[in-house]
Amino acid sequence: MSLELTAPAQEAPDVADDGVWLECIETGEQYAPFDEIRYTSDAGALLEVRYADPPTFDDFEGRGVWRYRAALPFEEGVSLPEGDTPLHEAPRLEDDVGVETLRIKHEGMNPTGSFKDRGMTVGVRVAKELGVNRLACASTGNTSAALAAYGARGGMETLVLLPSGKVAAGKIAQAALHDARILEVDGNFDSCLDIVQDLAERGEVYLLNSLNPFRLEGQKTIGLEILEQFRGDYGDFPDRIVLPVGNAGNTAALYKAFRELVQSGSLDPSEVPKLTGVQAEGAAPMVEAVENGWDDTERWDEVETRATAIRIGNPVNAPKALPGIRETDGTAVAVSDEEITTAQRDLAREGIGVEPASAASVAGLRKLRNAGTVGGDEEVVCLTTGHLLKDPDAAFEAGAEPEPVANSTDAVLDLLAE
Ligand SMILES: Cc1ncc(COP(=O)(O)O)c(C=O)c1O
Ligand SMILES: N[C@@H](CCOP(=O)(O)O)C(=O)O
């Protein structure tokens, strides 16, 4: 099984370019990385980027995503720049949830307000290498915002397909201002992705969803950064990383980051954090697959949740992400929209503003701690994936009501005295 945590590093095959190649996760078939455009193998399965020389911690220098160039296919990318996000303390929440340590890795602090920027800095660089011009994605919002911004930065045309009426305002505003062509589809995210895949297979566009294996290379740096930051503060690595799951790209990417460090001998398998995925109850095919011990998900045609970013019924990266959860001894859990809103308020009280999907990680941790699945002695990092301002309507719904007051100091004092 090529996705085992302890799978050894391989020698570069003939098709490799500078020690980098693409490999089918099911058949092991290998492909040259930049000779042709391909998203899947001849067998129709997912591809992974492979390196003959997996990185060690000592290889990392500089800041942000490109600090980790030794773990990436290029030395530099189309950058805004991205990464280097805070690993916040959250002492009240830590006490309240009841774990030894809780840190919040806030990916909402990236240039366009979500982790997608880490994937796009690499993905758009690859697009340039391949000489394509029209970039495209299906999106619940954040991917489109990031693609539009990085496409603009790279001087390229961008096309985004969004599920009509189901994308938060801040995200559409970003894609619009960065001049993406925005098509609103009468369908959900999964059907938008089906269409973009069709367009990509016909050679009309270069697909930059997380089905593109190079996108996930950039997203690996979330895991690398967490390990370095956490070790810098505590001298060890976290026991568990809890993350919201939609298309399951981050789960796959973090697992790959850890596998490569194990391959290079930088990380002992016993030190790898347990990957713990959280989905909304109305869109939880990964939780279903984990609970049933499946190797892939079954598509959910009807999905609904307030956390629109993870309103996804057919997570394309499931075959990469499920081994990650299993091999790290992690788990997955579904939370209700009410639990997500409570967690969004809890984070806001610590000064950390996130969109609903991001708060799912904290909601899931609380649920697993209450059930005893997570121990009180654990050191945990929760990933928060997108900024509060992405979804202003959700923030208004969860937050305090503005109070009207007359235009005088006395009126303000009277109101405060009530
Ligand atoms: C804010 C936010 N959180 C979480 C996710 C889920 O991440 P993944 O698709 O990598 O599982 C997404 C998009 O999918 C997102 O936009
Ligand atoms: N939440 C995502 C959904 C698409 O995920 P991707 O990682 O496959 O691009 C979004 O923001 O669109």
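Note that ligands are numbered from 1 as they come in the structure, with each ligand's atoms numbered from 1 the same way.
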- Message: Measuring from atom 8 (P) of ligand 1, which candidate in A318, S139, A248 has the nearest non-hydrogen atom?
- Response: A248

- Message: Among G246, A168, G113, which one puts a heavy atom closest to atom 11 (O) of ligand 1?
- Response: G246

- Task: Record the part of A309 in heavy-atom contact with ligand 1 below 4.0 Å; permitted values are side chain, backbone, both and neither.
- Result: both

- Message: Please work out, at 4.0 Å between heavy atoms, whether the side chain, the backbone, both, or neither of N250 comes within that distance of ligand 1.
- Response: both

- Nearest heavy atom to atom 3 (N) of ligand 1: which of V245, T385, V316 does it belong to? T385

- Note on the structure: Interatomic distance, OG1@T276 vs CG@L365, rounded to 0.5 Å, equals 8.5 Å

- Query: Contact residues of ligand 2 with a heavy-atom cut-off of under 4.0 Å?
  - Reply: K116, S139, T140, G141, N142, T143, F189, N209, S210, R215, N247, A309, I312

- Message: Below the 3.5 angstrom mark, is there an N/O of T140, backbone or side chain, next to an N/O of ligand 1?
- Response: no

- Modelled atom types, side-chain donor and acceptor of D194 and Q197, under 3.5 Å: no

- Classify the side-chain pair R215/Q219 by whether it contains a donor and acceptor separated by less than 3.5 Å. yes

- Using 30° and 60° as the class limits, which term best fits the ring planes of H106 and H387: parallel, tilted or perpendicular? parallel

- Task: Consider every N or O of Q219 and every N or O of ligand 1, then say whether any pair is closer than 3.5 Å.
- Result: no

- Check the angle between the aromatic planes of Y206 and Y39 and answer parallel, tilted or perpendicular using the 30° and 60° thresholds. tilted

- Item | Contact partition for K116 relative to ligand 1, non-hydrogen atoms under 4.0 Å | side chain

- Does a donor on one side chain sit under 3.5 Å from an acceptor on the other, for S210 and N317? yes

- Select one of side chain, backbone, both or neither to describe which atoms of T143 lie under 4.0 Å from any atom of ligand 1, heavy atoms only. neither

- Identify the two heavy atoms, one from T331 and one from I325, that lie closest to each other, and give their separation to 0.1 Å. N-CG2, 3.6 Å

